Amino acid sequence: MSSSRLPTVTVSELGTHVGEAVSLRGWVYNHRSSGKIQFIILRDGTGFVQGVAAAGEAPDEVLETARTLTLETAVRMDGKVRRDSRAPGGYEIAVTGLEIVSRSSDYPITLKEHGVEFLMDHRHLWIRTPRQQSLLRLRAELVRALRDFLDDRGFVLVDSPILTPAACEGTTTLFQTDYFGERAYLSQSGQLYQEAAALALGRTYCFGPTFRAEKSKTRRHLIEFWMLEPEMAFVDLEESMRLQEEMVTYAVRRLLERRADDFKTLKRDTSALERVKPPFPRITYDEAVELVNRKGVPMEWGEDFGAPHETAISEEFDLPVFVHHYPSAVKAFYMKPDPDRPETCLSADLLAPEGYGEIIGGGQRIDDLETLEKRIAEHDLPAEAYRWYVDLRRYGSVPHSGFGLGLERTLAWVAKVDHVRETIPFPRLLHRIYP
RNA sequence: UCCUGGCUAGCUCAACGGUAGAGCAACCGGCUGUUAACCGGUGGGUUACAGGUUCGAAUCCUGUGCCAGGAGCCA
């Protein structure tokens, strides 16, 4: 890639090169011809820019080469940068040189509309479109913001294993694999290991993929999804909730500040996001049950919320809302019972606005040895596999809390996309593992 | 696993018991400011698959497969 002697720049840098001759590298997003004038929309990953090749202006060999362009042909395009209000993006290139790096023919994804199945079968190409690029950039920035928030507050990244010897929570279905003749499972949560980490380092977190072999098939479900799981020693439920609302607020701010263009591409009205700031509304499970019954989505005390209940609750607020003090029976075995009301536990879920469902689940953990052993027995969990976990209550146990944030659901809410499959590069869905 | 809807050209769809079509894409031609450009032309089909009803089935019936979004479960 050294045929041009002009400085190579990216589309995102064009604003600082107005009037200069530059060289761009990228792919043809679209090509239009009006006979003696041709327009080449080039994309390079940082943005889109229009190249113009007009008869009498551009060299004849450029006009010849441009005539043969097809969608997604890779090119090097040289030319002078100029401002032009007619051009998408505000700048255009008066093309003086055009070199084919590699031709593309019969590119499947045209500029017309496509169906879900077709796009999912071509996910490896779908991610080249502006909307999908924006979502991937937002995802990357969201991860960076969440990690910066925790790193800045003394949290240590401690990676939990992905291959595990036993169910973490013992409830959901796990993917089983062979570990040199032993049974092993793909992790459904890194939390238990974070509890060990937090008792070593104080405040820790893990961030990685988790796997649920459930036959869930809705716009909120992925088989493989990414979860951020902080865990904190000497921290109770209340303090954990405060950290959660600060973290979510920080992340939303960062996206608004740094990725405004992507929200524009997605046509996301950001006014709802501007309002996000602590404190988030909090209601108890008891209040939530009363609320949904009043709203005509009936349920009994003691049941867990279904998706319609979560939507009914979140509709009442224009911020994410905490629902806390769930009945112990609907939560994981390690949730600490409320000393004042032992049939409920010190747990809290954060429900996103606009019907996106639960984006955080968390709580204070059982720190008492006898209670934990009793719970493990009640849940018919294999005691041997949890021996190390129980050990944590044997050697210097302290009150501790943590939570798990689902990255894709959080992004689906922030970006306001209607299905989590667009918030992860290559989604693993029920009966879909290609590409 | 269950419920509901769908499957017709490369893509998005129409035709709803009587000769399978359109737009886009591809190919050929035209156009000096296009914005998913536009205009003219050409090629393109085992109507998901297997049976059945009928003089005649893309269309009606049965079964199978696949896709979608919802339930349950969850982040």
Side-chain angles (χ1 to χ4, degrees), chain A residues 29-41 48-58 63 66-68 70-72 84-90 92 94 104-122 125-126 129-131 168-169 171-174 188-191 209-229 303-311 330-332 349-352 355-362 403-413 418-421 423-424 429-432:
Chain A
Y29 178 68
N30 197 8
H31 173 232
R32 284 185 284 266
S33 168
S34 178
K36 300 259 173 33
I37 183 166
Q38 299 183 66
F39 300 93
I40 303 154
I41 311 295
F48 294 74
V49 70
Q50 171 168 282
V52 183
E57 229 178 278
L63 298 172
R67 233 186 296 283
T68 69
T70 51
L71 296 189
E72 291 302 318
D84 193 306
S85 57
R86 292 169 296 185
E92 66 180 21
S104 161
S105 61
D106 295 323
Y107 186 67
I109 301 189
T110 65
L111 297 169
K112 294 287 178 178
E113 70 220 27
H114 296 286
V116 170
E117 185 178 7
F118 180 81
L119 289 171
M120 290 301 294
D121 284 341
H122 295 85
L125 304 176
W126 190 19
T129 61
R131 176 186 164 81
C168 168
E169 307 187 0
T171 51
T172 51
T173 324
L174 298 166
Q188 57 169 200
S189 165
Q191 180 208 310
T210 52
F211 308 86
R212 304 275 165 95
E214 284 163 358
K215 305 217 165 174
S216 297
K217 188 178 168 58
T218 82
R219 65 182 68 202
R220 299 178 305 281
H221 284 91
L222 293 166
I223 302 301
E224 175 183 312
F225 66 98
W226 285 65
M227 196 152 59
L228 180 79
E229 297 180 280
E303 292 172 348
D304 202 356
F305 303 118
H309 302 110
E310 288 185 354
T311 303
V330 303
K331 286 293 174 189
D349 288 356
L350 186 66
L351 306 182
Y356 284 95
E358 184 185 342
I359 55 173
I360 291 181
F403 58 93
L405 174 142
L407 188 74
E408 289 79 13
R409 280 192 188 175
T410 303
L411 181 55
W413 158 55
D418 62 13
H419 199 300
V420 287
R421 66 177 162 231
T423 64
I424 185 166
L429 298 159
L430 187 59
H431 303 137
R432 179 182 281 282

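Only a predicted model underlies this, so the values are computations on that prediction, with no experimental measurement involved. Here is the naming used below: chain letters follow the sequence lines, and residue numbers restart at 1 for every chain.
In this entry the distance linking CG of A:Leu351 with C1' of B:rC74 reads 13 Å, nearest Å. Rounded to whole Å, the distance from NE2 on A:His309 to P on B:rC74 is 14 Å. In this structure, A:His431 atom NE2 and B:rC67 atom P are separated by 8 Å, rounded to whole Å. One atom, CG of A:Asp418, and another, C1' of B:rG70, lie 14 Å apart when rounded to the nearest Å. Atom C1' of nucleotide B:rA25 and atom OH of A:Tyr107 are separated by 13 Å, given to the nearest angstrom. Going from atom CD of A:Glu214 over to atom P of B:rC74 covers 7 Å, rounded to whole Å. Atoms CG (A:Leu111) and C1' (B:rC11) sit 12 Å apart, rounded to a whole Å.
A:Glu113 comes within contact range of at least one nucleobase, with a heavy-atom separation under 4.0 Å. Among the heavy atoms of the strands lying under 4.0 Å from A:Gly115 are primed sugar atoms or P, OP1, OP2 only; no base atom is included. Using a 4.0 Å heavy-atom criterion, one finds that A:Leu222 contacts the bases of the nucleic acid, with or without backbone contacts as well. In this structure, A:Ser33 reaches the bases: a heavy-atom distance under 4.0 Å links it to at least one base atom across the strands shown. Heavy atoms of A:Glu92 sit under 4.0 angstrom from at least one base atom. When heavy atoms are screened at a 4.0 angstrom cut-off, A:Arg219 is found touching the sugar-phosphate backbone but no base atom. Residue A:Asp84 is classed as a base contact, given a heavy-atom separation below 4.0 Å to a base.
The side chain of A:Phe118 has B:rC11 as its nearest neighbour among B:rC11, B:rA26, B:rU34. For A:Lys36, the side-chain atoms get nearest to B:rU32 when compared with the rest of B:rU32, B:rG72, B:rC67. Considering only side-chain atoms of A:Phe39, the nucleotide from B:rU32, B:rA71, B:rU34 that sits closest is B:rU34. Out of B:rC11, B:rC31, B:rC24, the shortest distance to the side chain of A:His114 is found at B:rC11. Side-chain proximity of A:Gln50 to B:rC74, B:rA71, B:rU34: nearest is B:rU34. Taking every side-chain heavy atom of A:Arg409 into account, B:rA75 is the closest of B:rA75, B:rC73, B:rA36. The nucleotide whose nearest atom lies closest to any side-chain atom of A:Met227 is, among B:rA75, B:rC74, B:rG33, B:rA75.
For A:Ser216 against B:rC73, a side-chain-to-base donor-acceptor contact under 3.5 Å is present. Residue-to-nucleotide contacts include no donor-acceptor pair under 3.5 Å from the side chain of A:Glu117 to the base of B:rG6. Side-chain atoms of A:His221 come within donor-acceptor range of the base of B:rC73, with a qualifying N/O pair under 3.5 Å.
Stacking between A:Phe225 and B:rA75 is present: the aromatic ring centre lies within less than 5.5 angstrom of the base six-membered ring centre, and the two planes differ by under 30 degrees.
In this structure, the side chains of A:Leu430 and A:Ser216 stay at 4.5 Å or more apart for every pair of heavy atoms.
When both pairing distances are held under 3.5 Å, B:rG51 makes a Watson-Crick or G-U pair with B:rC61. Pair check for B:rA75 finds none; no Watson-Crick or G-U wobble contact set falls under 3.5 Å. The partner of B:rA26 is B:rU42, by the rule that a Watson-Crick or G-U pair needs both atom distances under 3.5 Å. When Watson-Crick and G-U wobble pairs are counted only if both distances are under 3.5 Å, B:rU32 pairs with no nucleotide at all. As the counterpart of B:rG17, no nucleotide is assigned, since no Watson-Crick or G-U wobble pattern has both distances under 3.5 Å. Both distances falling under 3.5 Å, in either a Watson-Crick or a G-U wobble arrangement, place B:rC66 opposite B:rG6.
Using P as the reference atom, B:rC60 and B:rC16 are 11 Å apart when rounded to the nearest Å. Taking atom P on both B:rA25 and B:rG40, the two are 13 Å apart, rounded to the nearest angstrom. The same atom, P, is picked in B:rG5 and in B:rC73; the two are 24 Å apart, to the nearest Å. Spacing between B:rA26 and B:rG18 at atom C1', rounded to whole Å, works out to 33 Å. Taking atom P in both B:rC49 and B:rU59, the straight-line distance is 11 Å, to the nearest Å. Comparing the P positions of B:rU34 and B:rC67 gives an interatomic distance of 44 Å, to the nearest angstrom. A gap of 11 Å separates the P atoms of B:rU42 and B:rG23, to the nearest Å. Here the separation of B:rC24 from B:rC39, taken at their P atoms, is 7 Å to the nearest Å.
Mapping A:Ala55 and A:Thr110 onto RNA chain B via the closest heavy atom, the residue that lands nearer the 5' end is A:Thr110.
Side chain to side chain, A:Ser189 and A:Glu229 meet the donor-acceptor criterion of an N or O pair below 3.5 Å.
Residue A:Arg421 places at least one side-chain N or O under 4.0 Å from the OP1 or OP2 atom of B:rG69. Distances shorter than 4.0 Å separate some side-chain N or O of A:Lys215 from OP1 or OP2 on B:rU1. In terms of phosphate contacts, A:Arg32 brings no side-chain nitrogen or oxygen within less than 4.0 Å of OP1 or OP2 of B:rU32. For B:rA71, the OP1/OP2 oxygens have no side-chain nitrogen or oxygen of A:Lys217 closer than 4.0 Å.
Using a 30° and 60° split on the angle between ring planes, A:His122 and A:Phe118 fall in the tilted class, from 30° to 60°.
Summarising the geometry, atom CG belonging to A:Leu228 is positioned 6.5 Å from atom CZ belonging to A:Phe403; distances are rounded to the nearest 0.5 Å. Separating the CD atom in A:Gln50 from the CZ atom in A:Arg86 is a distance of 9.0 Å, to the nearest 0.5 Å.
Each of A:Thr410, A:Leu222, A:Leu407 was scored for a side-chain contact (heavy atoms from CB on, under 4.5 Å) with A:Val420, with one residue passing: A:Leu222. Screening A:Ile41, A:Leu71, A:Ile40 against A:Tyr29 for a side-chain contact (heavy atoms from CB on, under 4.5 Å) leaves a single residue, A:Ile41.
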message: Let's go through A:Thr110 and A:His114 carefully: what are the C-alpha distance in whole Å and the side-chain angles of both, what is the deciding distance for side chain to side chain donor-acceptor pair (under 3.5 Å) to 0.1 Å, and is it a yes or a no?
response: CA-CA 8 Å; A:Thr110 65; A:His114 296 286; 3.3 Å; yes
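Without hydrogens or angle criteria, A:Arg421 side chain to A:Arg219 main chain gives no donor-acceptor distance under 3.5 Å.
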